[in-house]
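One structure is given here, and the rest of the page talks about it.
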Amino acid sequence: MIRVGVVGATGYAGEELLALLLRHPKVKITSVTAKIDKVQPISVIFPKFANRIDLLCKEPEVEEIAHECDLVFLALPHTVSMEIVPALMGAGKTVIDLSADYRLKDIKQYEKFYNTVHKDVPRISTAVYGLPELYRSRIKKAKLIANPGCYPTVSILSVAPLLEAKLIDIGSIIIDAKSGVTGAGRKLAEGFLFSEINEDFKAYKINNHQHSPEINQELSNVAGTKVEVIFVPHLLPLNRGILATIYTKKAQGKTAKAAGKDSVISVYKKFYAKEPFVRIKEEGSFPRLKDVAGTNFCDIGIKEDDNSIIIVAAIDNLLKGAAGQAVQNMNIIAGLDEMTGLA
């Protein structure tokens with residue numbers, strides 16, 4: 001059994017992690033911590049866990065966590081994980097960090113978008129970006145996983161096959177993405193009150209979202225050259241899910257069927273042929289949020305015209321976009337079937 005701890009257990013992603021880990025046949029939860037006002041059972045904070053887990057949720061003590069766990073999930077706000085990771089890794093523990101603290105390889109980009117000085121720069125280069133579909137072989141050997149953001153997960157999975165096959169103009173990528181409110185985390189803020197969100201719909205951080213450099217970084221890695229997308233996120237008046245519509249123009253000379261005799265759909269099916277959590281829709285069929293809510297799947301539909309390729313993709317932001325992907329990464333590290341505890 002893998003002894004695991006969840007730091008930040010009272011957030012949305014932390015709650016999802018606990019639910020997944022409780023049903024995982026190869027895991028024992030041995031530590032549950034968070035920034036809280038008083039120590040109390042996690043089953044009091046989340047009554048749905050009553051008679052399933054009786055651990056006390058308390059403030060994180062790194063030495064205690066390291067003693068009790070083999071692997072630690074950090075479901076913490078951005079800029080906090082880097083305070084804890086050095087001690088956990090110094091104790092020889094495997095860490096899967098759900099924040100952005102180790103995702104961006106360009107420290108200037110991190111400090112610009114997260115408005116803070118990074119306190120653990122040496123480990124940024126050793127952290128493995130935890131998108132299994134692109135980095136499985138590196139994840140298997142990793143001690144520090146930078147679990148991807150929710151918007152980057154759906155965006156990268158949607159565009160990577162086109163860039164790998166050199167089918168599109170890399171300067172033409174426009175990502176129009178909509179997310180449920182849980183993508184912002186569990187926090188008290190006027191903009192996330194029910195009366196502010198209900199019966200409304202808005203764009204925010206237009207082409208200036210903190211996930212933009214993460215998307216650009218990973219798509220540039222796939223393309224082998226610099227990629228800069230236009231990324232516009234929107235806030236939906238619902239709890240969970242991301243639906244992204246991505247607009248691209250075909251590369252010069254690709255105005256007929258983009259891959260010669262093969263359709264673009266076949267290019268995607270080949271690219272993701274061995275991926276258990278990516279599902280490619282048939283021609284004329286496109287995903288919706290209900291298809292993926294509560295699952296670790298990314299569903300992708302493709303529309304090919306003479307000069308353009310439009311992709312529609314959907315994920316659950318708390319699962320494939322956070323906790324589910326984190327458990328998938330744990331399974332890879334442990335040499336387990338990736339779907340264990342997730343399907």
Side-chain angles (χ1 to χ4, degrees), residues 11-21 23-24 75 98 130-134 136 147-162 175-186 197 201 211 214-215 218 231-247 264-265 268-269 271-303 309-332 337-343:
Y12 290 128
E15 180 184 357
E16 290 292 326
L17 274 169
L18 290 174
L20 293 172
L21 295 169
R23 73 186 192 210
H24 197 292
L98 278 71
L131 190 63
E133 292 78 10
L134 297 186
R136 182 172 287 103
N147 212 64
C150 50
Y151 280 131
T153 293
V154 70
S155 300
I156 296 162
L157 292 177
S158 295
V159 180
L162 299 177
I175 302 172
D176 179 354
K178 291 95 171 172
S179 175
V181 183
T182 54
R186 180 175 270 134
I197 294 169
F201 178 55
H211 283 170
E214 187 179 336
I215 295 168
E218 296 306 318
F231 174 57
V232 183
H234 300 72
L235 184 63
L236 288 168
L238 47 78
N239 289 339
R240 60 200 299 163
I242 291 178
L243 186 77
T245 303
I246 300 169
Y247 306 90
V264 176
I265 290 175
Y268 274 76
K269 287 184 175 181
F271 191 91
Y272 291 121
K274 297 181 180 179
E275 297 303 331
F277 289 112
V278 179
R279 302 184 297 198
I280 307 303
K281 308 288 278 187
E282 296 300 329
E283 186 172 358
S285 181
F286 299 92
R288 60 180 187 172
L289 292 182
K290 286 186 177 181
D291 297 341
V292 296
T295 81
N296 197 53
F297 289 104
C298 175
D299 284 6
I300 300 174
I302 303 106
K303 170 65 173 176
I309 301 171
I310 300 170
I311 308 99
V312 179
I315 64 169
D316 186 314
N317 60 289
L318 291 177
L319 290 170
K320 186 58 175 167
Q325 187 144 261
V327 171
Q328 186 180 356
N329 282 319
M330 179 194 69
N331 287 339
I332 293 170
D337 186 310
E338 288 180 41
M339 300 186 84
T340 305
L342 292 170

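The figures that follow rest on heavy atoms only: side chains count, while hydrogens, waters and symmetry mates do not. Note that the structure is predicted; figures quoted are calculated from it, not measured.
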Just wondering, do [Y] and [X] contact through their side chains at under 4.5 Å, heavy atoms?
| X | Y | answer |
| --- | --- | --- |
| Y151 | P233 | yes |
| V181 | L238 | no |
| K281 | P287 | yes |
| P148 | E214 | yes |
| R279 | I300 | no |
| I332 | P132 | yes |
| D291 | F297 | no |

ask   = What is the minimum heavy-atom distance between A75 and L17, and which atoms define it?
value =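 Distance-wise, the nearest heavy atoms are CB-CD1, 4.2 Å.
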Smallest separation among heavy atoms of G324 and L342, with atom names =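 Smallest heavy-atom distance, with atoms named: O-CD1, 3.6 Å.
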task = Using the test side-chain contact (heavy atoms from CB on, under 4.5 Å), find all partners of F286 that sit at least two apart in sequence or belong to another chain.
result =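 Testing F286 for side-chain contact (heavy atoms from CB on, under 4.5 Å), a comparison that skips the adjacent residues, returns K303, V312.
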ask   = With R23, which residues qualify under side-chain contact (heavy atoms from CB on, under 4.5 Å), at least two apart?
value =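 If we apply the side-chain contact (heavy atoms from CB on, under 4.5 Å) test to R23, skipping adjacent residues, the hits are L20.
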task = Could you walk me through whether L318 and Q325 pass side chain to side chain contact (heavy atoms under 4.5 Å, CB included), step by step?
result = CA-CA 9 Å; L318 291 177; Q325 187 144 261; over 6 Å; no
query = Going through the checks in order, is the side chain to side chain contact (heavy atoms under 4.5 Å, CB included) test met by L162 and I311?
reply = CA-CA 10 Å; L162 299 177; I311 308 99; 3.5 Å; yes
query = Going through the checks in order, is the side chain to side chain contact (heavy atoms under 4.5 Å, CB included) test met by L236 and I242?
reply = CA-CA 9 Å; L236 288 168; I242 291 178; over 6 Å; no
ask   = Under 6.0 Å between ring centres, would you say that holds for F231 and H211?
value =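 Not close enough - the centres of the two rings lie 6.0 Å or further apart.
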Between [X] and [Y] (side chain of the first, backbone of the second, donor and acceptor by atom type, cut-off under 3.5 Å), is there such a pair?
| X | Y | answer |
| --- | --- | --- |
| Y268 | S158 | yes |
| N331 | T340 | yes |
| H24 | G341 | no |

request  = Using the salt bridge (Lys or Arg N to Asp or Glu O under 4.0 Å) rule, take R240 and E16 through it: C-alpha gap first, then chi angles, then the decisive distance, then the call.
outcome  = CA-CA 12 Å; R240 60 200 299 163; E16 290 292 326; 3.1 Å; yes
query = Can you check side chain to side chain contact (heavy atoms under 4.5 Å, CB included) on N317 and T182, steps first, answer last?
reply = CA-CA 8 Å; N317 60 289; T182 54; 3.0 Å; yes
message = Looking only at side-chain N and O atoms, does Q328 offer a donor or acceptor that is under 3.5 Å from a partner on N296?
response =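 Judged by distance alone, the side chains do pair up.
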inquiry  = Assess, by modelled atom type and distance only, whether the side chains of T295 and D316 contain a donor and an acceptor separated by less than 3.5 Å.
reply    =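 No, because no side-chain N or O of T295 sits under 3.5 Å from a partner of the opposite role on D316.
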key: E275 with K269: basic N within carboxylate O range, under 4.0 Å   =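 No, this pair does not count.
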Side-chain ion pair, E133 and K320, N-O less than 4.0 Å =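 Yes.
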key: From L157 atom CG to I315 atom CD1, the distance as rounded to the nearest 0.5 Å   =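 Here the interatomic distance stands at 8.0 Å.
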key: salt bridge (Lys or Arg N to Asp or Glu O under 4.0 Å) partners for D176, two or more places apart   =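 Here the qualifying residues are K178.
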